[in-house]
Amino acid sequence: MNWEKRLYLTAHPVAYPLLRGVARRGPIVRVPGVGVVVNDAALAREILLDGETFRKDGPGSPGELWTPVLGPSVLLNMEGDAHRALRRRLTDLFVPSYTEALCARVLAEPLAALSDRLGRGAAVDLVDAARVMAGAVIGEVIGLEGGTEAAYRDLFEQGEKIVSMVSLRTRRLSPSQVRRARAVLDPLGDIAAKSYLAGEESTVMGRMRALGLSRDEARGAAGAFFLTGTETVATLLPRLIALLADHGQLDRVAGDPALLDRAVEEAMRVATPTPVMLRSVHRPAAVGGTAVRPGDRVLIATHNCCRAHGPFDLDRPHPPELRRLWFGAGPHFCIGYPLALAQIRLVARTLLAAAPLTVTRRAAARNVLIPTYRHLAVRSGRSPRARAA
């Protein structure tokens with residue numbers, strides 16, 4: 001069994017075989033208790049581009065799931081003019097030039113330490129390193145001051161506990177789950193609100209204030225960034241290196257930096273940072289010949305859509321309908337994509353500069369929403385220790 005399949009089966013021993021079994025039944029399948037499951041990239045994109053019919057604020061949608069926790073105005077639970085207005089203001093925060101500068105500043109010290117450890121021949125656990133760095137970046141975004149590695153690890157673990165409450169069948173969180181989530185997110189919202197009120201335009205929260213967002217909008221956005229922004233990066237980085245190693249491509253990408261972006265996109269396709277996406281049907285329609293009705297829950301099986309295009313292969317171009325589907329499409333395409341990409345590029349470049357790398361040990365994680373490694377250790381072949389051996 002390859003490691004990618006092992007990650008999914010360890011994280012979701014029942015749901016993953018169900019999801020893959022549904023893929024074999026056709027491009028769109030109605031599954032009792034789950035909803036209308038979409039397994040085809042072209043159909044998925046069609047749905048994502050039609051925000052009037054397929055919405056994020058109806059029954060069975062992300063809005064029903066997260067509004068009790070994050071509040072009513074956090075993009076992932078909005079539609080229409082209000083969504084477009086808020087998105088327009090937030091998008092200005094995440095232009096590539098700003099996110100690249102932010103990540104370079106925040107990660108300069110952790111990346112130097114990572115490079116030093118690899119250079120000395122130490123085995124580095126990429127799971128822990130990625131979590132700490134993802135925590136550092138999101139901590140900077142929400143305005144966390146004086147963060148330590150221990151604080152960043154705790155930040156990641158708290159977010160992981162919240163999202164792990166969700167399964168394929170989850171339509172809404174229970175009152176006790178909402179309380180547990182709020183216990184984590186409310187203190188982070190307080191930190192964000194303090195940064196917002198300080199109004200320093202060098203900070204993300206200060207820039208939100210300057211762009212005209214209210215304090216409640218800034219608090220909600222901080223919570224949404226925290227929930228969606230840490231796991232995406234932290235889970236992808238170890239899987240990127242593992243995929244390159246398992247397919248004999250590490251040295252190739254290390255020797256040709258121009259291949260890095262292609263490697264990241266292909267790793268995202270295979271790893272699928274957002275394995276499923278939810279929409280609520282707002283008006284009668286037909287998708288792929290299947291009728292859907294108002295109130296139907298549509299589950300886009302992003303993982304099935306992506307894996308239909310085969311195993312990891314750096315030389316296979318992505319068809320247009322698949323282009324970055326794991327980050328959505330249309331009006332809800334992930335505004336944090338430039339921030340995630342900036343982090344992944346910086347860390348990957350540091351790791352590849354230490355090539356050749358050898359994976360020395362790894363294990364799959366249990367009880368997580370996004371399949372990932374519990375640990376994945378690598379060692380550099382350039383180190384004195386490796387050369388002596």
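The residues Glu265 and Arg323 are annotated as not salt-bridged, no charged nitrogen and carboxylate oxygen being separated by less than 4.0 angstrom. Under a 4.0 Å N-O distance rule, the pair Arg252/Asp315 qualifies as a salt bridge. Look at Asp125 and Arg361 and you find no salt bridge, because none of the NZ, NE, NH1 or NH2 atoms lies under 4.0 Å from a carboxylate O. Salt bridge status for Glu157 with Arg153: absent, with no side-chain N to carboxylate O gap under 4.0 Å. A salt bridge between Glu266 and Arg269 is present, with a side-chain N of the basic residue lying under 4.0 Å from a carboxylate O of the acidic one. We find that Asp246 and Arg362 are joined by a salt bridge, their nearest charged nitrogen and carboxylate oxygen being less than 4.0 Å apart. With respect to the salt-bridge test (charged N to carboxylate O, under 4.0 angstrom), the residues Glu200 and Arg207 do not qualify.
Shortest non-hydrogen contact noted between Cys305 and Leu325 is CB-CD2, 3.9 Å. Here the shortest heavy-atom pairing between Val178 and Pro68 reads CG1-O, 3.8 Å. Of all non-hydrogen atoms in Leu111 and Met133, the two that sit nearest each other are CD2-SD, 3.7 Å. Between Ile28 and Gly288 the shortest heavy-atom distance is CG2-O, 4.2 Å. Nearest heavy atom pair, residue Thr372 against residue Arg239, reads CA-CD, 4.4 Å. Residues His12 and Leu369 share a closest heavy-atom pair of NE2-O, 2.7 Å.
Once rounded to the nearest 0.5 Å, the distance linking CZ of Arg55 with CG of Asp50 reads 10.5 Å.
In Asp116, the CG atom is crowded: over 12 heavy atoms of neighbouring residues, nucleotides or ligands sit closer than 6.0 Å.
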(message) Checking Lys194 against Met205 for the side chain to side chain contact (heavy atoms under 4.5 Å, CB included) test, could you report, in this order, the C-alpha distance in whole Å, the side-chain angles of both residues, the deciding distance, and whether it holds?
(response) CA-CA 9 Å; Lys194 181 180 176 181; Met205 292 296 127; over 6 Å; no
(message) One pair to check against side chain to side chain contact (heavy atoms under 4.5 Å, CB included): Val298 and Ser280. What are the steps and the verdict?
(response) CA-CA 6 Å; Val298 174; Ser280 179; over 6 Å; no
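Looking at Phe327 and Thr274, their side chains never come closer than 4.5 Å, going by heavy atoms from C-beta outward. The shortest distance between side-chain heavy atoms of Thr235 and Tyr373 does not fall below 4.5 Å.
There is no side-chain donor-acceptor pair under 3.5 Å between Tyr152 and Arg131. The closest side-chain donor-acceptor pair between Thr53 and Arg283 falls under 3.5 angstrom.
Cation-pi geometry between Arg215 and Tyr196 is not met: the NZ or CZ atom fails to fall both under 6.0 Å from the ring centre and inside 45° of the normal.
Centroid-to-centroid, the aromatic rings of Phe94 and Phe225 come within less than 6.0 Å.
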